[in-house]
Amino acid sequence: MIWTEFAAQLAAMGGMFLAALLAATPVPMQSELTFVALAASGWALPALVVVASLGNVLGSCLTYAAGRGFGEAGIWRWFRLPPEKLARAENWFARWGRWSLLLSWAPGGDVVVALAGALRMPLTSFLTLLTLAKTGRYIALALVTSATL
C-alpha cells in the first residue's frame with residue numbers, strides 16, 4: 001500500500017515537474033492546467049509551487065543554454081545584423097533586457113530567455129530574476145486556485 005502511494009506521488013509531482021520544464025522551452029506546453037488539476041485533486045499547494053518552479057527554472061536554463069550556444073555559433077551572421085545594430089541590441093538588452101526577464105513567464109518569454117543566453121547575460125543575474133518571475137507566477141496561481149477551490 002505504501003509503495004502505490006509513493007508511486008502515485010512520484011507520478012503526480014514528476015508530471016508537474018515535466019509540464020513546467022517543457023513550458024519553459026520552445027515546446028508548446030502550458031503547465032497551469034496541470035498545476036490546477038493537481039491542486040483540485042488535493043495536492044498541497046506549497047509542494048506544487050516548489051516543484052513547478054524548479055521545473056520551470058530548469059527549462060528556462062535549457063533555453064538560456066540553447067541561446068548561448070546559438071550566440072557562440074555565430075547566429076548573428078544568419079540574421080545578418082550589421083555590427084552597429086548588434087551593438088545597439090546589446091546595449092538595449094544590457095539596459096532593459098534583464099528586467100524583461102521578470103515577464104519571462106508570459107507568452108514570448110522564451111525568446112527573451114534565449115536572447116539573454118545569446119547576449120551572454122551573467123548567469124547569477126539571469127537566475128535571480130528568472131527565479132523571482134517563475135516562482136512569483138506559481139505563487140499567484142496557487143493563490144487564485146486556493147480562492148476558487
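Just so we're clear, the structure is a prediction, and the values are computed from it rather than from any experiment.
Nearest heavy-atom pair across Ser104 and Val113 is CB-CG2, 3.9 Å. Residue Trp99 comes nearest to Leu129 through the heavy atom pair CZ3-CD2, 3.6 Å, listed as atom of the first residue, atom of the second, then distance. Closest approach of Leu130 to Ser60, counting heavy atoms only: CD2-CB, 3.3 Å. Of all non-hydrogen atoms in Asp110 and Ala24, the two that sit nearest each other are OD1-O, 3.4 Å.
Qualifying salt bridge (charged side-chain N to carboxylate O under 4.0 Å, His left out) partners for Arg137, counting only residues two or more places apart in sequence or in other chains: Glu32.
With rounding to the nearest 0.5 angstrom, the OG1 atom of Thr145 is 11.5 Å from the OH atom of Tyr138. To the nearest 0.5 Å, atoms OG (Ser31) and CZ (Phe17) are separated by 12.0 Å. One distance of note links CZ of Arg120 with CZ of Phe126; it measures 14.5 Å at 0.5 Å rounding. Note: Leu132 CG to Ser53 OG = 10.5 Å, rounded to the nearest 0.5 Å. Note that CG of Asn56 is 11.5 Å distant from CZ of Phe35, once rounded to the nearest 0.5 Å.
At least one side-chain heavy atom of Met121 sits under 4.5 Å from a side-chain heavy atom of Leu101.
Cluster membership check: Trp43 shares its hydrophobic cluster with Ile139, using side-chain heavy-atom separations under 4.5 Å among Ile, Leu, Val, Met, Phe, Trp and Tyr. Tyr64 and Leu54 sit in two unconnected hydrophobic clusters of ILVMFWY residues. Membership requires side-chain heavy atoms under 4.5 Å apart, directly or through other members. No continuous path of hydrophobic side-chain contacts links Leu21 to Leu127 [ILVMFWY only; heavy atoms under 4.5 Å]. Hydrophobic clustering, with ILVMFWY side chains joined whenever heavy atoms are under 4.5 angstrom apart, groups Leu45 together with Met13. Connection of Val51 to Val57 is not established within any shared hydrophobic cluster, with ILVMFWY side chains joined at heavy-atom distances below 4.5 Å, either directly or through further cluster members.
Panel note: side chain Thr63, backbone Gly59; a donor-acceptor pair is recorded below 3.5 Å. Side chain of Thr25 to main chain of Leu22: a donor-acceptor pair is present (N/O by atom type, distance under 3.5 Å, no hydrogens or angles). Checked by atom type and distance alone, the side chain of Trp105 pairs as donor or acceptor with a backbone atom of Leu102 at under 3.5 Å. The backbone N or O of Thr128 lies less than 3.5 Å from no partner atom in the side chain of Thr131, so there is not a single donor-acceptor pair. One N or O on the side chain of Ser146 and one on the backbone of Leu143 form a donor-acceptor pair closer than 3.5 Å.
A 6.0 Å sphere centred on CD of Gln9 holds more than 12 heavy atoms belonging to other residues, nucleotides or ligands.
Every pair tested for salt bridge (Lys or Arg N to Asp or Glu O under 4.0 Å) that includes a residue from residues 7-30 fails, sequence neighbours excluded, so the list is empty.
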